[in-house]
Amino acid sequence: MKNSKRSIAHVTLVVREYNEAIEYYTQKLGFELIQDIDLGDGKRWVLVSPKDSDCKLVLGKADSEKQQSAIGNQTGGRVFLFLHTSDFWSDYNAMKQKGVVFTEEPREEAYGTVVVFKDLYGNLWDLLQLK
């Protein structure tokens with residue numbers, strides 16, 4: 001492990017339905033649909049990502065009661081994911097115009113400009129432009 005390079009490639013987001021999640025992430029947040037492969041038995045391998053991002057979201061349809069209970073609350077109410085941007089105000093205004101729900105007004109912090117928003121299931125995200 002000493003000489004190996006490692007990175008997080010994918011993060012699974014538990015969703016209610018594939019198509020509604022794909023629509024939200026591509027239409028409201030402007031992500032790209034990277035892959036949508038039918039795996040049979042109602043399962044699909046769905047990857048979405050901001051353009052040119054190394055880390056991708058796996059949209060995983062909940063298939064048990066336990067997984068369904070995690071939809072929208074994968075981190076117990078804490079901010080789950082951090083969407084970095086190089087143009088905060090442009091992205092913020094575009095997302096707001098498309099109906100993305102923000103839980104607060106944008107604010108300036110020592111580390112950058114940030115605002116919290118909810119995805120279609122209620123998971124909390126930071127939209128963040130670092131200084």
Side-chain angles (χ1 to χ4, degrees):
M1 281 197 338
K2 186 175 181 182
N3 294 322
S4 66
K5 179 184 178 202
R6 302 186 304 166
S7 64
I8 295 175
H10 304 102
V11 175
T12 298
L13 182 68
V14 181
V15 301
R16 186 173 37 240
E17 294 292 336
Y18 292 114
N19 291 337
E20 72 181 4
I22 291 168
E23 181 180 342
Y24 179 84
Y25 287 100
T26 60
Q27 301 303 310
K28 303 275 186 186
L29 300 188
F31 286 17
E32 296 178 318
L33 178 61
I34 307 299
Q35 287 184 319
D36 185 356
I37 301 168
D38 187 343
L39 300 175
D41 294 329
K43 292 187 182 240
R44 290 158 58 182
W45 176 256
V46 179
L47 288 177
V48 296
S49 174
K51 184 176 173 64
D52 297 326
S53 177
D54 289 333
C55 188
K56 312 219 177 341
L57 285 179
V58 177
L59 302 180
K61 183 179 175 183
D63 62 4
S64 71
E65 214 172 284
K66 184 176 181 180
Q67 289 177 9
Q68 289 172 358
S69 71
I71 295 172
N73 191 27
Q74 294 198 164
T75 58
R78 295 202 50 154
V79 170
F80 177 45
L81 296 166
F82 298 79
L83 181 59
H84 284 196
T85 178
S86 61
D87 189 348
F88 179 89
W89 291 105
S90 176
D91 286 339
Y92 170 76
N93 289 323
M95 290 166 63
K96 193 169 185 176
Q97 197 170 49
K98 292 177 182 178
V100 173
V101 175
F102 292 90
T103 66
E104 62 183 8
E105 293 299 314
R107 63 189 194 279
E108 294 293 327
E109 297 289 348
Y111 52 84
T113 307
V114 64
V115 67
V116 177
F117 68 93
K118 291 182 179 182
D119 68 14
L120 76 162
Y121 301 114
N123 293 299
L124 298 177
W125 291 60
D126 271 1
L127 176 64
L128 174 61
Q129 182 173 359
L130 296 171
K131 286 188 178 177

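Source: prediction; values computed, not measured.
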Q: Give a yes or no on whether Glu109 atom CD has more than 12 heavy-atom contacts from other residues, nucleotides or ligands under 6.0 Å away.
A: yes

Crowded around Lys98 NZ? As in, over 12 foreign heavy atoms under 6.0 Å?
-> yes

Is there a path from [X] to [Y] through hydrophobic residues (I, L, V, M, F, W, Y) whose side chains come within less than 4.5 Å of each other?
X: Leu128; Y: Phe31; value: no
X: Ile22; Y: Tyr24; value: yes
X: Met95; Y: Phe80; value: yes
X: Leu39; Y: Val46; value: no

Distance col, row His84:NE2 vs Asp91:CG, nearest 0.5 angstrom, shows 12.5 Å

dist Arg44:CZ -> Asp38:CG (nearest 0.5 Å) comes out at 7.5 Å

Does some side-chain heavy atom of [Y] sit less than 4.5 Å from a side-chain heavy atom of [X]?
X: Lys28; Y: Leu120; value: no
X: Leu13; Y: Val48; value: no
X: Tyr18; Y: Asp36; value: no
X: Val116; Y: Val114; value: no
X: Leu29; Y: Phe117; value: yes
X: Lys61; Y: Lys43; value: no
X: Leu33; Y: Tyr25; value: no
X: Arg78; Y: Leu124; value: no

*Parallel, tilted or perpendicular: ring planes of Phe88 versus Tyr92, cut at 30 and 60 degrees*: parallel

Given the rule in the side-chain contact (heavy atoms from CB on, under 4.5 Å) test, do Leu81 and Asp119 qualify, once you have shown the distances and angles that lead to the verdict? CA-CA 10 Å; Leu81 296 166; Asp119 68 14; over 6 Å; no

Of all heavy-atom pairs between [X] and [Y], which one has the smallest distance, and what is that distance?
X: Pro50; Y: Leu83; answer: CG-CD1, 3.8 Å
X: Asn123; Y: Gly72; answer: OD1-C, 3.2 Å
X: Lys51; Y: Glu32; answer: CA-OE1, 3.6 Å
X: Glu20; Y: Tyr121; answer: OE2-OH, 2.7 Å
X: Ala62; Y: Gln67; answer: CA-OE1, 3.5 Å
X: Val11; Y: Ile8; answer: CG2-CG2, 4.1 Å

Using modelled atom types and a 3.5 Å cut-off, is there a donor and acceptor pairing between side-chain atoms of [X] and backbone atoms of [Y]?
X: Gln129; Y: Ser86; value: yes
X: Thr85; Y: Asp87; value: yes
X: Gln74; Y: Val14; value: yes
X: Gln27; Y: Glu23; value: no

Who pairs with [X] by side-chain contact (heavy atoms from CB on, under 4.5 Å), at least two apart in sequence or on another chain?
X: Ala70; answer: none
X: Glu108; answer: Thr113, Lys131
X: Lys56; answer: His10, Ile34, Leu47, Ser49

